[in-house]
Amino acid sequence: MSTTSIIWIIVGCALVTWLPRIIPFIFVRNVKLPEVVLKWLSFIPICILSALVVENLLDTNGSFVTLDWPVFAAFIPTVIVAIRTKSLSTTVIVGVISMAAIRFFV
Amino acid sequence: MNSHTETMDKVGFHEEDSFLQGIKDCIPTLLGYISIGLAFGVVGSASGLKLFEIALLTILVYAGSAQFIFCALILSGTPASAIIFTIFIVNLRHFLMSLTLAPNFTNYSVIRNIGFGTLLTDETFGVAITKIMRTKKISGKWMDGLNITAYLVWIASCIAGAFLGQWIAHPEKWGLDFALTAMFVALLILQLASVGKTKLAKNLLLIGLIALCMYVFSYFMPSHLAVLISTIVVATVGVVIDR
């Protein structure tokens with residue numbers, strides 16, 4: 001992809017990221033979101049994060065969708081460390097080391 | 001109240017709300033920004049982004065998970081419209097966070113409020129909402145101190161990572177591509193921890209549904225679309241079963 005098109009995509013992403021960040025700060029005095037919309041939004045983080053994790057665990061290259069076994073093998077220690085430490089940085093470091101070890105030995 | 005206590009209170013109040021205190025209150029989150037920022041810079045250059053593009057993305061979008069997803073989508077040749085829509089959906093959670101924080105800043109000007117919103121992240125939201133719960137009040141200067149510190153450290157870390165990435169030819173050999181997945185795992189676990197034990201069973205059910213949707217949808221559509229549709233479907237299911 002060319003640099004120019006990447007720059008335009010970045011600008012587009014910046015705009016759609018910026019607007020939801022600032023709109024409540026501008027309009028909070030006047031508008032109130034319906035309860036059901038707020039409820040729906042409250043489920044978005046967990047849903048999208050788990051969808052992104054699952055996306056990385058699936059191997060869609062074959063005729064059947066299967067688990068990507070090396071990635072799944074690194075996923076297990078990563079989940080355990082995330083639950084134990086609740087730390088972003090520790091989880092990322094352990095995850096990367098696990099993945100590197102699996103790629104080295106397998 | 002005697003005059004001594006009164007002076008102490010005023011001094012205490014002033015320090016508690018200062019720009020400098022905002023910087024200090026940001027420090028515990030900096031290790032997170034630095035390690036993820038470095039990882040992002042490395043992943044970004046591994047995805048074929050130029051240093052300039054990494055810097056621009058970091059400065060303009062300023063959202064950890066969205067920046068990683070951007071790289072993944074660019075790498076898989078996703079069309080521009082799908083990338084922008086995905087980033088919109090991924091960052092829509094900020095809307096909810098802004099909505100939660102904004103009522104505490106209604107006595108500041110619109111321009112100041114736009115400033116608070118522009119630099120809002122998961123981490124600064126977490127620190128700010130904790131501060132509001134603890135002291136029942138929050139000042140604009142303190143918020144700016146917190147926000148600007150986080151922003152500058154994030155930019156510096158991402159660019160440092162991009163430099164580092166130029167010398168790491170095959171990041172996947174070092175497991176660095178997994179940094180992305182690992183970060184999502186950690187963010188997911190943090191989310192689960194923050195919603196509390198009473199809702200854990202229901203959230204685990206939703207995660208199970210996501211896994212099922214992702215598996216089925218992956219037969220019919222590209223994975224980034226499966227992520228979006230699974231999220232929309234399962235969040236709706238969440239609302240329905242919550243009644």
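Within every chain, numbering begins at 1; the chains are lettered A, B, ... in the order of the sequence lines, protein sequences first and strands thereafter.
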S.K.: Among B/Ile89, B/Ile34, B/Leu56, who wins on heavy-atom pairs under 4.5 Å with chain A?
M.R.: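 Counting heavy-atom pairs under 4.5 Å, the top option is B/Leu56.
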
S.K.: Examine whether an atom of B/Ile232 lies under 4.5 Å from a heavy atom of chain A, and if so say whether it belongs to the side chain, the backbone or both; otherwise answer neither.
M.R.: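 For B/Ile232, heavy atoms of backbone and side chain both lie under 4.5 Å from chain A.
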
S.K.: What residues of residues 212-221 of chain B make heavy-atom contacts with chain A at a cutoff under 4.5 angstrom?
M.R.: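 Residues of residues 212-221 of chain B touching chain A at under 4.5 Å: B/Met214, B/Tyr215, B/Ser218, B/Tyr219.
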
S.K.: Say you draw a straight line from CG of B/Leu206 to CD1 of A/Ile46; how long is it, rounded to the nearest 0.5 Å?
M.R.: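 Here the rounded value is 7.5 Å.
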
S.K.: Side chain, backbone, both or neither: which part of A/Leu58 has an atom under 4.5 Å from a heavy atom of chain B?
M.R.: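 The side chain, not the backbone.
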
S.K.: Which bit of B/Lys202 comes within less than 4.5 Å of chain A, counting heavy atoms only: side chain, backbone, both or neither?
M.R.: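 Contact with chain A involves the side chain of B/Lys202 alone.
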
S.K.: Taking every non-hydrogen pair under 4.5 Å, which of A/Ser87, A/Ala74, A/Ala51 racks up the most with chain B?
M.R.: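 When all of A/Ser87, A/Ala74, A/Ala51 are compared, A/Ala51 has the most.
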
S.K.: Out of B/Asp122, B/Leu209, B/Thr236, which one racks up the most heavy-atom pairs below 4.5 Å with chain A?
M.R.: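 Winner by heavy-atom pair count: B/Thr236.
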
S.K.: With sequence neighbours left out, write down each residue that passes side chain to side chain contact (heavy atoms under 4.5 Å, CB included) with B/Ile138, or none if nothing qualifies.
M.R.: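 Applying side chain to side chain contact (heavy atoms under 4.5 Å, CB included) to B/Ile138 gives B/Asn104, B/Phe105, B/Ala128, B/Lys131, B/Ile132, B/Trp142, B/Met143.
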
S.K.: Can you check whether B/Val237 reaches A/Phe43 side chain to side chain, under 4.5 Å on heavy atoms?
M.R.: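 Side-chain contact under 4.5 Å: no.
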
S.K.: Under 4.5 Å heavy-atom distance to chain B, tell me which part of A/Trp40 shows up: side chain, backbone, both or neither.
M.R.: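 Both backbone and side chain.
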
S.K.: Which bit of A/Ile9 is near chain B, if near means a heavy-atom gap under 4.5 Å: side chain, backbone, both or neither?
M.R.: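 Interface part for A/Ile9: both.
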
S.K.: Using heavy-atom distances under 4.5 Å, tell me whether A/Val94 contacts chain B through its side chain, its backbone, both, or neither.
M.R.: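 Answer is neither: A/Val94 stays 4.5 Å or more from chain B.
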
S.K.: Would you say the side chain of A/Cys13 lies within less than 4.5 Å of the side chain of B/Ile83, judging by non-hydrogen atoms?
M.R.: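 Heavy-atom side-chain distance check passes, below 4.5 Å.
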
S.K.: Using a cut-off of under 4.5 Å for heavy-atom pairs, which of A/Thr3, A/Thr90, A/Thr85 has the most such pairs with chain B?
M.R.: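 Counting heavy-atom pairs under 4.5 Å, the top option is A/Thr3.
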
S.K.: With a 4.5 angstrom heavy-atom cut-off, could you sort out which part of A/Ser63 is near chain B: side chain, backbone, both or neither?
M.R.: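 Backbone only.
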
S.K.: If every non-hydrogen atom of A/Ala82 is compared with every non-hydrogen atom of B/Ala186, which pair is closest and at what distance?
M.R.: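 Answer, listing the atom of A/Ala82 first, then B/Ala186: CB-CA, 4.1 Å.
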
S.K.: May I ask you to name which of A/Thr66, A/Val71, A/Leu49, A/Val53 has the most heavy-atom pairs under 4.5 Å with chain B?
M.R.: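 The answer is A/Leu49.
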
S.K.: Answer yes or no: is there a side-chain heavy-atom contact under 4.5 Å between B/Val239 and A/Val36?
M.R.: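 Answer yes - side chains close enough.
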
S.K.: I'd like to verify something: which residue of A/Leu15, A/Ile6, A/Ile97 has the highest number of heavy-atom pairs under 4.5 Å with chain B?
M.R.: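 Sorted descending by pairs with chain B, the first entry is A/Ile6.
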
S.K.: With a 4.5 angstrom heavy-atom cut-off, which part of B/Leu49 approaches chain A: side chain, backbone, both or neither?
M.R.: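 For B/Leu49, side-chain heavy atoms alone lie under 4.5 Å from chain A.
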
S.K.: Counting only non-hydrogen atoms closer than 4.5 Å, does B/Ile84 touch chain A with its backbone (N, CA, C, O), its side chain (CB onward), both, or neither?
M.R.: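 For B/Ile84, the contact with chain A is made by backbone and side chain together.
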
S.K.: Do B/Phe52 and A/Ile7 come within less than 4.5 Å of each other through their side chains, counting heavy atoms only?
M.R.: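 Result yes, sub-4.5 Å side-chain heavy-atom pair found.
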
S.K.: Need one label for B/Thr78: side chain, backbone, both or neither, based on atoms under 4.5 Å from any heavy atom in chain A.
M.R.: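 Just the backbone, heavy atoms under 4.5 Å.
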
S.K.: Hey, could you give me each pair passing side-chain hydrogen bond (donor to acceptor under 3.5 Å, both in side chains) that has a residue in residues 51-60 of chain A? Not counting sequence neighbours.
M.R.: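 For residues 51-60 of chain A: A/Glu55-B/Ser223, A/Asp59-A/Asn61.
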
S.K.: Hey, which of A/Ala14, A/Ser50, A/Ser5 has the most heavy atom pairs under 4.5 Å with chain B?
M.R.: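 Among the listed options, the one with the most contacts to chain B is A/Ser50.
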
S.K.: Please identify, among B/Leu101, B/Leu60, B/Leu119, the residue contributing the most non-hydrogen atom pairs under 4.5 Å to chain A.
M.R.: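 Result: the option with the highest number of such pairs is B/Leu60.
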
S.K.: So what's closer than 4.5 Å to chain A heavy atoms on B/Ala226: side chain, backbone, both or neither?
M.R.: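 Neither part; nothing is under 4.5 Å.
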
S.K.: By a 4.5 Å heavy-atom criterion (distance strictly below it), what part of B/Tyr62 contacts chain A: side chain, backbone, both, or neither?
M.R.: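 Both backbone and side chain.
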
S.K.: Closest heavy-atom contact between A/Pro24 and B/Ala102?
M.R.: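 Shortest heavy-atom separation between A/Pro24 and B/Ala102 comes out as O-CB, 3.7 Å.
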
S.K.: Quick one: what part of B/Glu123 sits under 4.5 Å from any heavy atom of chain A, side chain, backbone, both or neither?
M.R.: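 Only the side chain of B/Glu123 comes within 4.5 Å of chain A.
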
S.K.: Below 4.5 Å, heavy atoms only, C-beta onward: do B/Phe88 and A/Pro20 meet side chain to side chain?
M.R.: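 Of all side-chain heavy-atom pairs linking A/Pro20 with B/Phe88, at least one is under 4.5 Å.
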
S.K.: At what distance, to the nearest 0.5 angstrom, does CG of A/Leu52 lie from OG1 of B/Thr231?
M.R.: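 It comes to 7.0 Å.
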
S.K.: Is the shortest side-chain heavy-atom distance between A/Ile22 and B/Thr118 below 4.5 Å?
M.R.: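 They are in contact (side-chain heavy atoms under 4.5 Å apart), so the answer is yes.
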
S.K.: Heavy-atom distance under 4.5 Å to chain A: side chain of B/Val233, backbone, both or neither?
M.R.: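 Contact with chain A: none, neither part.
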
S.K.: Flag the one option from B/Phe178, B/Phe70, B/Tyr33 with the top tally of heavy-atom pairs under 4.5 Å to chain A.
M.R.: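 Looking at each option in turn, the highest pair count goes to B/Phe178.
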
S.K.: Keeping the roles fixed (side chain from A/Thr17, backbone from B/Val61), state whether a donor-acceptor pair exists under 3.5 Å.
M.R.: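 Absent.
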
S.K.: Chain A: which of B/Leu228, B/Leu192, B/Val185 shares the most heavy-atom pairs with it under 4.5 Å?
M.R.: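 Result: the option with the highest number of such pairs is B/Val185.
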
S.K.: Among all residues two or more places apart in sequence or in another chain, which pass the side chain to side chain contact (heavy atoms under 4.5 Å, CB included) test with A/Phe72?
M.R.: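 Per chain and number, A/Phe72 pairs via side chain to side chain contact (heavy atoms under 4.5 Å, CB included) with A/Leu57, A/Leu67, A/Trp69, A/Phe75, A/Ile76.
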
S.K.: Are any non-hydrogen side-chain atoms of A/Trp18 and B/Ile114 less than 4.5 angstrom apart?
M.R.: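 In short, these two side chains touch, coming nearer than 4.5 Å.
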
S.K.: Okay, side chain of A/Arg21, backbone of B/Leu120: is any donor-acceptor separation there less than 3.5 Å?
M.R.: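 Judged by distance alone, yes, a pair lies under 3.5 Å.
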
S.K.: With only heavy atoms counted, which part of B/Ile36 is less than 4.5 Å from chain A, the side chain, the backbone, both or neither?
M.R.: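 Side chain only.
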
